[in-house]
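Accompanying notes for the structure given below.
Just so you know, these numbers use all the heavy atoms, side chains as well, and skip hydrogens, waters and symmetry mates.
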Amino acid sequence: MNKIMDPEWDDAALRAGHRQRLEDKFLDNKLSPAEVVELWLCDVIPRRDVRPLARRLMAKFGGVHQILAASFESLKQMPGVGAKTARRIKTVHALHLLDDQEQLTRQPIFHDITVLTNYCRNMLMGKEIEEFHVLYLDGDYKLLADVTHSVGTVDFAQVYPREIVQRALNLHARSIVLVHNHPTAGMPFSTPDIELTTSIRDILSPMGVELFDHYLVAGMTVYSARNLNFI
């Protein structure tokens, strides 16, 4: 085959030279997002030209954040992505979550609210079914625990207020944050979401536990019930 005419040909010397150029651009902070993905894939799949794969991933998922948030199964369905590569991608995603979580345990969540919203987005973006989480906070508004309260269907996750109250009391939490997702991007709080939020707030209040906020993740967007004046 004429290698010049094949966009995915693999020549070790030329591949090494291309990678060196990527590394130089990276050090100069001149890489595009797709090139950053490509450079990372060079380490995961070292004996292949991964530029076409990086471009396919960006085209399929729409961005770096979306690639990391994609499910393991949806990543494996991409041509050129095996189980090993999918695991590596999800490992990077897990590291982002751990970094955000550690920051939330070290300082009050309101010191940098973007850390909290990023954590919620990283945790739930790309999920194909609804999940409902409760973040329990201490008296200084630092994270005590992130509890997966329930995992539901594509448009519903059951919520048990009594369990939330009991867990808050067991953890000696002084405040909580509710977090759930809508798998459909751009779908804001529904009327039942709003009613549930105010109901949990009213149940917690006599117990001395504050509802700090309720976040909804829908695609790249994170909605805040407090900012929307629901609580």
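For Ser190 and Asp193, the side-chain atoms include at least one donor-acceptor pair closer than 3.5 Å. Counted by atom type alone, Tyr136 and Asp146 present zero donor-acceptor pairs between their side chains at under 3.5 Å. Looking only at atom types and distance, the side chain of Thr114 has no donor-acceptor partner in the side chain of Thr117 under 3.5 Å away.
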So Leu178 and Asp213, side chain to side chain contact (heavy atoms under 4.5 Å, CB included) or not? Walk me through it.
CA-CA 6 Å; Leu178 306 176; Asp213 208 338; over 6 Å; no
Under the criterion side chain to side chain donor-acceptor pair (under 3.5 Å), I'd like the reasoning laid out for His93 against Asn122: C-alpha separation, chi angles, the key distance, then a yes or no.
CA-CA 8 Å; His93 182 230; Asn122 286 331; 4.8 Å; no
Verdict with supporting geometry, Asp138 and His172, side chain to side chain contact (heavy atoms under 4.5 Å, CB included)
CA-CA 7 Å; Asp138 65 16; His172 304 289; over 6 Å; no
Using the side chain to side chain contact (heavy atoms under 4.5 Å, CB included) rule, take Ser71 and Glu128 through it: C-alpha gap first, then chi angles, then the decisive distance, then the call.
CA-CA 8 Å; Ser71 70; Glu128 297 174 356; 3.9 Å; yes
Val134/Val179 under side chain to side chain contact (heavy atoms under 4.5 Å, CB included): CA gap, chis, key distance, verdict
CA-CA 6 Å; Val134 183; Val179 189; over 6 Å; no
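Between Leu144 atom CG and Ser175 atom OG the span is 10.0 Å, to the nearest 0.5 Å. The distance from atom CD1 of Ile67 to atom CG of Leu75, rounded to the nearest 0.5 Å, is 8.5 Å. Note: Arg174 CZ to Met207 CE = 14.0 Å, rounded to the nearest 0.5 Å. Between atom CD of residue Gln103 and atom CG of residue Asn118 there is a gap of 9.0 Å, rounded to the nearest 0.5 Å. The structure places CG of Leu171 at 11.0 Å from CD1 of Ile176, a figure rounded to the nearest 0.5 Å. Note that the CD1 atom of Ile194 and the OG atom of Ser199 stand 13.5 Å from one another [nearest 0.5 Å].
Shown here is Lys25, whose NZ atom has more than 12 heavy atoms of other residues, nucleotides or ligands within 6.0 Å. Shown here is Lys90, whose NZ atom has more than 12 heavy atoms of other residues, nucleotides or ligands within 6.0 Å.
Here the shortest heavy-atom pairing between Gly152 and Ile129 reads O-CD1, 3.8 Å. A pairwise comparison of heavy atoms in Thr197 and Ala225 identifies CG2-CB, 4.4 Å as the closest pair. Nearest heavy atoms, Ala157 versus Ser150: CB-OG, 3.8 Å. Nearest approach of Gly80 to Ile45, heavy atoms of both residues: O-CD1, 4.1 Å. Here the closest non-hydrogen pair linking Met220 and Arg121 is O-NE, 2.9 Å.
Residue pairs that meet the ring pair (Phe, Tyr, Trp, His ring centres under 6.0 Å) test with at least one member in residues 30-58, sequence neighbours left out, do not exist here. The side chain to side chain donor-acceptor pair (under 3.5 Å) pairs that include a residue from residues 76-87 number zero, where partners must be two or more places apart or lie in different chains. Within the structure, ring pair (Phe, Tyr, Trp, His ring centres under 6.0 Å) pairs that include any residue of residues 52-74 do not occur (at least two apart or interchain).
Taking 4.5 Å as the limit, some side-chain heavy atom of Met78 sits within range of a side-chain heavy atom of Lys60. Side chains of Asn181 and Met123 form no contact here, defined as non-hydrogen atoms less than 4.5 Å apart. Taking the side chain as every heavy atom from C-beta outward, Leu41 and Leu57 approach each other to under 4.5 Å. Residues Pro52 and Asp49 have side chains in contact (heavy-atom distance under 4.5 Å, counting atoms from C-beta outward). Between Thr153 and Glu130, the closest side-chain pair of non-hydrogen atoms is not below 4.5 Å. Here the side chains of Glu210 and Arg201 are not in contact, with every heavy-atom distance at 4.5 Å or above. With contacts defined as side-chain heavy-atom distances shorter than 4.5 Å, the pair Leu104/Leu137 does not qualify. Within the 4.5 Å cutoff, the side chain of Leu216 has heavy atoms near those of the His180 side chain.
A search for ring pair (Phe, Tyr, Trp, His ring centres under 6.0 Å) contacts involving Phe212 returns Tyr141, not counting sequence neighbours. Considering only residues two or more places apart in sequence or on other chains, Phe189 meets the ring pair (Phe, Tyr, Trp, His ring centres under 6.0 Å) condition with His214, Phe230.
No continuous path of ILVMFWY side-chain contacts below 4.5 Å connects Val222 to Leu211, so the two sit in separate hydrophobic clusters. Under a hydrophobic clustering in which Ile, Leu, Val, Met, Phe, Trp and Tyr are joined whenever their side-chain heavy atoms come within less than 4.5 Å, directly or via other members, Met125 and Tyr215 fall into the same cluster. Ile89 and Val36 fall into different hydrophobic clusters, where Ile, Leu, Val, Met, Phe, Trp and Tyr side chains are chained together by heavy-atom contacts under 4.5 Å. Both Val115 and Ile109 sit in one connected hydrophobic cluster of ILVMFWY residues. Membership requires side-chain heavy atoms under 4.5 Å apart, directly or through other members. By the criterion of side-chain heavy atoms lying less than 4.5 angstrom apart, applied directly or through intervening Ile, Leu, Val, Met, Phe, Trp or Tyr residues, Val64 is not grouped with Leu95; the two fall into different hydrophobic clusters.
Between the side chain of Thr184 and the backbone N or O of Met187 there is no donor-acceptor pair closer than 3.5 Å.
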All N/O donor-acceptor pairs, side-chain side in residues 158-170, below 3.5 Å, sequence neighbours left out:
unit_1 : atom_1 : unit_2 : atom_2 : d
Gln166 : NE2    : Asn170 : OD1    : 3.1
Asn170 : ND2    : Gln166 : O      : 3.3

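Only one option out of Leu98, Asp99, Leu97 pairs with Tyr119 in a side chain to side chain contact (heavy atoms under 4.5 Å, CB included); it is Leu97.
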